[in-house]
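Okay, so here's the structure we're looking at.
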Amino acid sequence: MSDATDPWLIVGLGNPGPDYAANRHNVGFMVADLLATRTGGKFKRAQKAQAQVVEGRMGPPGPASRRVILVKPMSYMNLSGGPVTALRDFYKVPTDHVVAVHDELDVDYGMLRLKLGGGDNGHNGLKSMTKAMGPDYHRVRFGIGRPPGRMQVADFVLKDFSSTERKELAFLVDRAADSVECLLAEGLERAQSAYNS
């Protein structure tokens, strides 16, 4: 079982490269980038895994501050589990101190759902992580809604946010980053009551 001194691994899920940067599927990377800015760090290539990492602290100064490793897997979404598990083992992070931030089709655009454990709901990044280390990690599910009409799911998630969605995107990414900080500082129940919508 984990304790308050254990580090946290915050994983933003996405695909590497400029072609994917603004895709709905990359909202996890967007949240991770904002959290890195808040910690004053810059992503660097990890020594032990195919990923970029930032090490830092979150929360108020003193004993309430949490050691965090922010991660962006560079392996493509469906292979995220390998780099995440390698970093979890290297930094000795308990699985319940791993947080995956990811896009979620079954939640309306911009809504958040935080939870511990559960299924992957067809999300290839979660599927890969769960296969590699089991399901008992936290998820911050960032709603992107369902594709319109007959558009295929794969096409929808690999498209950029619409111009209407982009008007609110910075605010919503900011709120998702706040929810991660709340989860670390105050626990899952408090974060759920504040941010689950």
Side-chain angles (χ1 to χ4, degrees), residues 1-14 24-41 43 54-72 80 84 88 91 93-121 123 125-126 129-130 133-146 157 161 164-197:
M1 197 58 193
S2 54
D3 68 39
T5 61
D6 286 320
W8 286 80
L9 201 69
I10 313 298
V11 181
L13 289 175
R24 293 182 176 92
H25 223 18
N26 270 42
V27 75
F29 274 17
M30 296 172 198
V31 175
D33 285 336
L34 179 56
L35 288 168
T37 302
R38 290 183 182 185
T39 64
F43 277 100
V54 172
E55 295 182 55
R57 297 196 82 82
M58 273 184 202
S65 139
R66 302 281 181 258
R67 182 175 168 228
V68 297
I69 301 98
L70 301 169
V71 179
K72 295 195 298 186
S80 301
V84 173
R88 180 201 63 172
Y91 289 105
V93 177
T95 301
D96 68 349
H97 273 215
V98 176
V99 182
V101 184
H102 63 93
D103 58 304
E104 177 58 61
L105 287 158
D106 285 339
V107 176
D108 289 341
Y109 175 66
M111 302 287 106
L112 294 174
R113 296 277 193 288
L114 284 76
K115 68 175 194 168
L116 174 63
D120 57 57
N121 206 21
H123 192 288
L126 297 181
M129 283 180 62
T130 297
M133 64 183 183
D136 299 325
Y137 54 91
H138 287 86
R139 298 101 191 278
V140 174
R141 303 159 72 203
F142 185 109
I144 61 168
R146 282 265 159 200
V157 299
F161 286 100
T164 307
E165 289 169 336
R166 283 198 297 273
K167 289 175 184 161
E168 287 186 286
L169 186 58
F171 166 77
L172 297 170
V173 167
D174 193 66
R175 189 166 180 270
D178 289 348
S179 78
V180 173
E181 295 204 44
C182 182
L183 169 64
L184 270 56
E186 301 183 53
L188 179 61
E189 282 186 29
R190 174 77 187 92
Q192 285 174 325
S193 68
Y195 291 96
N196 278 15
S197 43

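Atoms CZ and CG, on Arg67 and Leu9 in that order, are 10.0 Å from each other to the nearest 0.5 Å. To the nearest 0.5 Å, atoms CG (Asn121) and CG (Asp106) are separated by 4.5 Å. Leu188 contributes atom CG, which lies 11.0 Å from atom NZ of Lys115 (distance to the nearest 0.5 angstrom). Distance check: Arg146 CZ to Glu104 CD gives 8.5 Å after rounding to the nearest 0.5 Å. Here the OG1-CG distance, from Thr164 to Leu169, works out to 12.0 Å after rounding to the nearest 0.5 Å.
Across every non-hydrogen atom of Pro94 and Pro7, the tightest pair is CD-O, 4.2 Å. When all heavy atoms are compared, the tightest approach of Arg57 to Thr39 is O-CG2, 3.7 Å. Across all non-hydrogen atoms, the minimal contact from Val173 to Phe142 is N-CE1, 4.1 Å. In plain terms, the two heavy atoms of Tyr195 and Arg175 that are nearest each other are O-NH2, 3.4 Å. Residue Ala100 comes nearest to Leu13 through the heavy atom pair CB-CD1, 4.4 Å, listed as atom of the first residue, atom of the second, then distance. Nearest heavy atom pair, residue Val98 against residue Met129, reads CG1-CE, 4.0 Å.
Applying the ring-ring contact (aromatic ring centres under 6.0 Å, His included) criterion to Phe43, with sequence neighbours excluded, gives no partner residue. Residues satisfying the ring-ring contact (aromatic ring centres under 6.0 Å, His included) test with His123, not counting sequence neighbours, are His25, His102.
Using a cut-off of 4.0 Å between Lys/Arg side-chain N and Asp/Glu carboxylate O, Arg141 and Asp103 are scored as not salt-bridged. Salt bridge Asp33/Lys72: present, at least one basic N to carboxylate O contact under 4.0 Å.
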Show your working on side-chain hydrogen bond (donor to acceptor under 3.5 Å, both in side chains) between Glu55 and Tyr91 and close with a plain yes or no. CA-CA 10 Å; Glu55 295 182 55; Tyr91 289 105; 3.0 Å; yes

Output a table of donor-acceptor pairs, distance under 3.5 Å, between side-chain atoms of residues 179-187 and any protein atom two or more places apart or on a different chain; print 'none' if there are none.
| unit_1 | atom_1 | unit_2 | atom_2 | d |
| --- | --- | --- | --- | --- |
| Ser179 | OG | Ala176 | O | 2.7 |
| Glu181 | OE2 | Arg38 | NH1 | 2.8 |
| Glu186 | OE1 | Arg190 | NE | 3.1 |

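A heavy-atom distance below 4.5 Å is found between the side chains of Arg88 and Met133. A 4.5 Å side-chain heavy-atom check between Val99 and Leu114 finds every atom pair outside the cut-off. Ile144 has its side chain out of reach of Glu165: every pair of non-hydrogen atoms, C-beta onward, lies at least 4.5 Å apart. Within the 4.5 Å cutoff, the side chain of Val140 has no heavy atoms near those of the Val31 side chain. In this structure the side chain of Trp8 never reaches within 4.5 angstrom of the side chain of Met58, judged on heavy atoms.
In this structure a side-chain-to-backbone donor-acceptor pair under 3.5 Å is missing from His138 to His97.
Figure legend: Arg139 and Tyr137 shown as a cation-pi pair, the cationic atom lying under 6.0 angstrom from the six-membered ring centre and within 45 degrees of its axis.
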